[in-house]
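Heads up: the structure comes next, in structure tokens.
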Amino acid sequence: VQLQASGGGMVEAGGSLRLSCVLSGRTFSMYNMGWFRQPPGKEREFVAAVASTGGGRYYSDSAKGRFTISRDDAKNTAYLQMNTLKAEDTGVYYCAGSRTQTSQSTAQYDFWGQGTQVTVSS
């Protein structure tokens with residue numbers, strides 16, 4: 001199984017980025033997908049998750065209203081659209097897949113992508 005995350009980069013505060021995460025080696029539609037991030041010097045934290053059915057979407061308080069998680073099962077891809085970015089959004093962003101649930105806990109995810117760096121300058 002492989003998760004390939006991409007779309008990170010450097011952007012000014014107030015800008016936008018769209019992250020993508022492509023799954024290979026598994027049936028994408030069967031997996032709940034999550035995005036997490038790890039700010040410099042801090043632990044990995046939950047950002048957003050979307051259910052395998054696509055019906056349930058969940059966000060951290062910091063992501064609500066600014067970020068949108070989505071999925072395209074035909075492309076085996078999950079997305080994270082990030083708008084109105086802030087300096088505190090800086091970190092390495094990881095996507096992850098869970099067969100059983102959408103969760104804010106890293107322990108509930110079965111596999112992880114390699115991460116993509118997002119840097120927001122103020």
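Predicted model, so just to flag it, every value in this text is computed and none were measured.
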A side-chain contact here means heavy atoms from C-beta on lying under 4.5 Å apart; do Leu3 and Met33 qualify? yes

Heavy-atom distance under 4.5 Å between the side chains of Val118 and Met82, does that happen here? yes

Mind checking side chain to side chain donor-acceptor pair (under 3.5 Å) for Ser121 and listing every partner two or more places apart, or none if nothing turns up? none

Under the side chain to side chain donor-acceptor pair (under 3.5 Å) test, which residues partner Gln114, sequence neighbours left out? none

Students should find that the hydrophobic cluster of Tyr94, defined by side-chain heavy atoms under 4.5 Å apart, otherwise consists of Phe36, Phe46, Tyr58, Val92, Tyr109, Trp112

Side chain to side chain donor-acceptor pair (under 3.5 Å): pairs with one or both residues in residues 1-17, sequence neighbours excluded: Ser16-Asn83

For Thr116, check side chain to side chain contact (heavy atoms under 4.5 Å, CB included) against everything at least two apart and list the hits. Ala5, Leu19, Tyr93

Report the residues that fulfil side chain to side chain contact (heavy atoms under 4.5 Å, CB included) with Thr27, sequence neighbours left out, ordered by chain and then residue number. Ser29, Met30

What distance do Asn76 atom CG and Tyr31 atom OH have between them, rounded to the nearest 0.5 Å? 12.0 Å

May I have the list of side-chain donor-acceptor pairs in residues 61-68 shorter than 3.5 Å, sequence neighbours left out?
residue: Ser62; atom: OG; partner: Arg37; partner atom: NH2; Å: 3.3
residue: Ser62; atom: OG; partner: Ser60; partner atom: OG; Å: 3.1
residue: Arg66; atom: NE; partner: Ser62; partner atom: O; Å: 3.2
residue: Arg66; atom: NH1; partner: Thr84; partner atom: O; Å: 2.9
residue: Arg66; atom: NH1; partner: Asp89; partner atom: OD2; Å: 2.7
residue: Arg66; atom: NH2; partner: Ser62; partner atom: O; Å: 2.8
residue: Arg66; atom: NH2; partner: Asp89; partner atom: OD1; Å: 3.0
residue: Arg66; atom: NH2; partner: Asp89; partner atom: OD2; Å: 3.4

Show every salt bridge (Lys or Arg N to Asp or Glu O under 4.0 Å) that has at least one partner inside residues 101-122, sequence neighbours left out. none

Under the rule for salt bridge (charged side-chain N to carboxylate O under 4.0 Å, His left out), what residues qualify as partners of Asp73, not counting sequence neighbours? Arg71

Filter on ring-ring contact (aromatic ring centres under 6.0 Å, His included), then keep only pairs touching residues 5-30, sequence neighbours left out; what's left? none

